[in-house]
J.: 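Here it is: the structure, laid out below.
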Amino acid sequence: MYATTYHRPSSVDEAAALFTKGSEAKYLAGGHTLIPVMKQRLASPSDVIDLGKIKDLIGLEVSADTVTIKTATTHHDVAASGPVQRAIPALAHLASMIGDPAVRYRGTIGGSIANNDPAADYPAAVLALGATIRTNKRSIAADDFFKGLFSTALADGEIITQVAFPIPAKAGYSKFPHPASRFALTGVFVVKTKSGDVRVAATGASQNGVMRIAAIEAALKANWSPGALDSVTIPDKGLMSDIHGSSDYRANLIKVMAQRAVAAAG
Amino acid sequence: MSTVKLTVNGKAVSADVEDRTLLVNLLRDHLNLTGTHVGCDTSQCGACVVHIDGRAVKSCTVLVGQADGSNVTTIEGISKGDELHPMQAAFRDNHGLQCGYCTPGMIMSAIDIVNRYGGKLDEDTVRHELEGNICRCTGYHNIVKSVLDAAGRMRVSQAAE
C-alpha cells in the first residue's frame, strides 16, 4: 500500500471539506473494498476520509411506509434488525448473504452502492425497490443512480447520507453465490409494490452492472408466480461471460433466481 | 505518521505508526502479538480475525486509524492466566487443528458465533458461519466439533457466573 493520510471527521460537512483539500482524496466507510484495492496498489489516494465513525451516518429507521438506512450502517446491523426483518424481510435476507460474518461487521450499504460493483448485492435491492439515495447535496432516484460498472450519478466529493426504501407489498431475493467470494454470480430481487407495480433487478449478470429485467417484470405483473416465468427466455446479449459462467448460463440464472425469489416472496 | 491509542487485551497501548499501517501489522510488528496470523492478506481466509469492540473482524482489512480508540482482543487475550478459554480447551480436546495456522482466527470467529447464537447452534449453522475462515489442511470436521463442544461449555460457564 502506498503512503496515505488518514482522517476521521466527526461530521458530513467536515468530511466534504477535507475531500476538497486532498489532491486525490477517497472516502472510506467499511473499507472492505477500498483497503484491498489500496493493498493491490490499484488505488493510491492521497487522503482517506473515514465516514464510518460519523454518528449522523449510522443507524436505521422504519416508518409505516419506508425503511431508511443511513450510509455507514453495516450489513450485520441491517441483517440483524428486527424492524427491517419485519418491514422488508428480503432486504434483511440480502444483507445476511453478503460476504461472510466478519465482512458483514465492517461493510456498509453506502460503501456498497457508491462502489457499484457489478456483482454486489445491494444495488439489486436499491433498483428493484425503487429506493431514493439521499446525499449531502440532493436526492437521486435509484433509476438514475447506477451508471454502469463501478460508476454512479454521484459527483466528485458527494457523500451518500442515507438510502430510503419504500416498503413493498411483496419482495424476494435469491442469488447464486460465487462459491469462494460469495459475490453474486447472478442475484435477482423481485418486488411487487403496494400500488401493484412489479420491479425486478438483476446483479452479477450484465456487463453494465445492475439492471432491470423488463420481460420478467411483464410476466410477473400478469401473474405473480414462479410458473409465470416458465416460458420467458432471457437473451444473453450484454451479459458477462467469464471463467465462472458463460453468458448463456447467466441468462438462465436470471430466470431461475427470479423464480426462486418470487417463491421466497410468497 | 500518527499516534494511535487503543486498548489491546485490556492494556492501554499507544503507537506512532504510518497511517497506512494495518491493524494486523500493529499487533504483530509493533506489539509482538504474533498469535494473529496473516494468511491470504485479501480478507478471505480469516487467519487474522480479532475482536474490535466485541465483533470478530479481519484485521488485515482495518487501518490502524479505524481502530483508534477501540477495544481490541486477540488470541493472546482470551485465556485467564493458565486457564484456557473454553473455545481453546474444546479445540485441544477435539483435535480441532492440524497445522494450526488458521486456528487463532477460527477461535476468534467461533467465540463470536457462540456469542451471537447462544444455545441455538447446530452443525449446519456452524459450517455456514465459518465460511469466512479457511483451513487449508481441510480439517473442518474437528473444527466444527470443537465449536459445538465449546458452545456447550460456554453456556455452562455463563450460567455459573
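Just the heavy atoms: all of them, side chains too, but no hydrogens, waters or symmetry mates, feed the values below. Computed from a predicted structure; not experimentally measured. Throughout, a chain's letter reflects where its sequence line sits, starting with A, and its residues are numbered from 1.
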J.: Considering residues, nucleotides and ligands other than A:K137, do more than 12 of their heavy atoms fall under 6.0 Å from its NZ?
T.: yes
J.: If you count heavy-atom pairs under 4.5 Å with chain A, which of B:S2, B:C60, B:G46 comes out on top?
T.: B:C60
J.: Is any side-chain heavy atom of A:P36 less than 4.5 Å from a side-chain heavy atom of B:T61?
T.: yes
J.: Side chain from CB out, backbone as N, CA, C, O: work out which of these in B:S109 comes under 4.5 Å of a heavy atom of chain A, or both, or neither.
T.: neither
J.: Would A:D100 and B:Q44 satisfy side-chain contact (heavy atoms from CB on, under 4.5 Å), going step by step from the backbone distance to the final call?
T.: CA-CA 9 Å; A:D100 61 52; B:Q44 296 179 69; over 6 Å; no
J.: Within the 4.5 Å heavy-atom criterion, are B:R20 and A:K39 side-chain neighbours or not?
T.: no
J.: Can you check side-chain contact (heavy atoms from CB on, under 4.5 Å) on B:E18 and A:T4, steps first, answer last?
T.: CA-CA 8 Å; B:E18 284 190 296; A:T4 188; over 6 Å; no
J.: Does B:R92 have more than 12 heavy atoms from other residues, nucleotides or ligands lying within 6.0 Å of its CZ?
T.: no
J.: Under 4.5 Å heavy-atom distance to chain B, tell me which part of A:H7 shows up: side chain, backbone, both or neither.
T.: neither
J.: For atom CG of B:D122, is the number of surrounding heavy atoms from other residues, nucleotides or ligands below 6.0 Å larger than 12?
T.: yes
J.: Taking every non-hydrogen pair under 4.5 Å, which of B:L22, B:T21, B:V49, B:T42 racks up the most with chain A?
T.: B:L22
J.: Under a 4.5 Å heavy-atom cutoff, which of A:G31, A:S181, A:G99, A:P101 has the most pairs with chain B?
T.: A:P101
J.: Measure distances from A:T74 to the heavy atoms of chain B and classify the residue's part below 4.5 Å as side chain, backbone, both or neither.
T.: side chain
J.: Salt bridge check, B:D68 against A:K53: does any charged N sit closer than 4.0 Å to a carboxylate O?
T.: no
J.: What part of B:I134 gets closer than 4.5 Å to chain A, counting heavy atoms only: side chain, backbone, both or neither?
T.: neither
J.: Answer whether the closest heavy-atom distance between the side chains of B:M1 and A:T5 falls below 4.5 Å.
T.: no
J.: Measure B:V64 against the heavy atoms of chain A and call it side chain, backbone, both or neither at under 4.5 Å.
T.: neither
J.: Does any part of the side chain of A:L28, heavy atoms only, come nearer than 4.5 Å to the side chain of B:L63, both counted from C-beta?
T.: yes
J.: Go through the steps for B:R55 and A:R104 under the test side-chain contact (heavy atoms from CB on, under 4.5 Å), then give the verdict.
T.: CA-CA 10 Å; B:R55 292 181 158 195; A:R104 292 194 287 275; over 6 Å; no
J.: Run B:V62 and A:R106 through side-chain contact (heavy atoms from CB on, under 4.5 Å) and show every step you take.
T.: CA-CA 9 Å; B:V62 176; A:R106 302 294 296 182; 4.0 Å; yes
J.: Would you say that B:D19 contacts A:V48 through its side chain, given a criterion of any heavy-atom pair below 4.5 Å between the two side chains?
T.: no
J.: State whether the side chain of A:Y105 and the backbone N or O of B:V57 hold a donor-acceptor pair below 3.5 Å, judged by distance alone.
T.: no
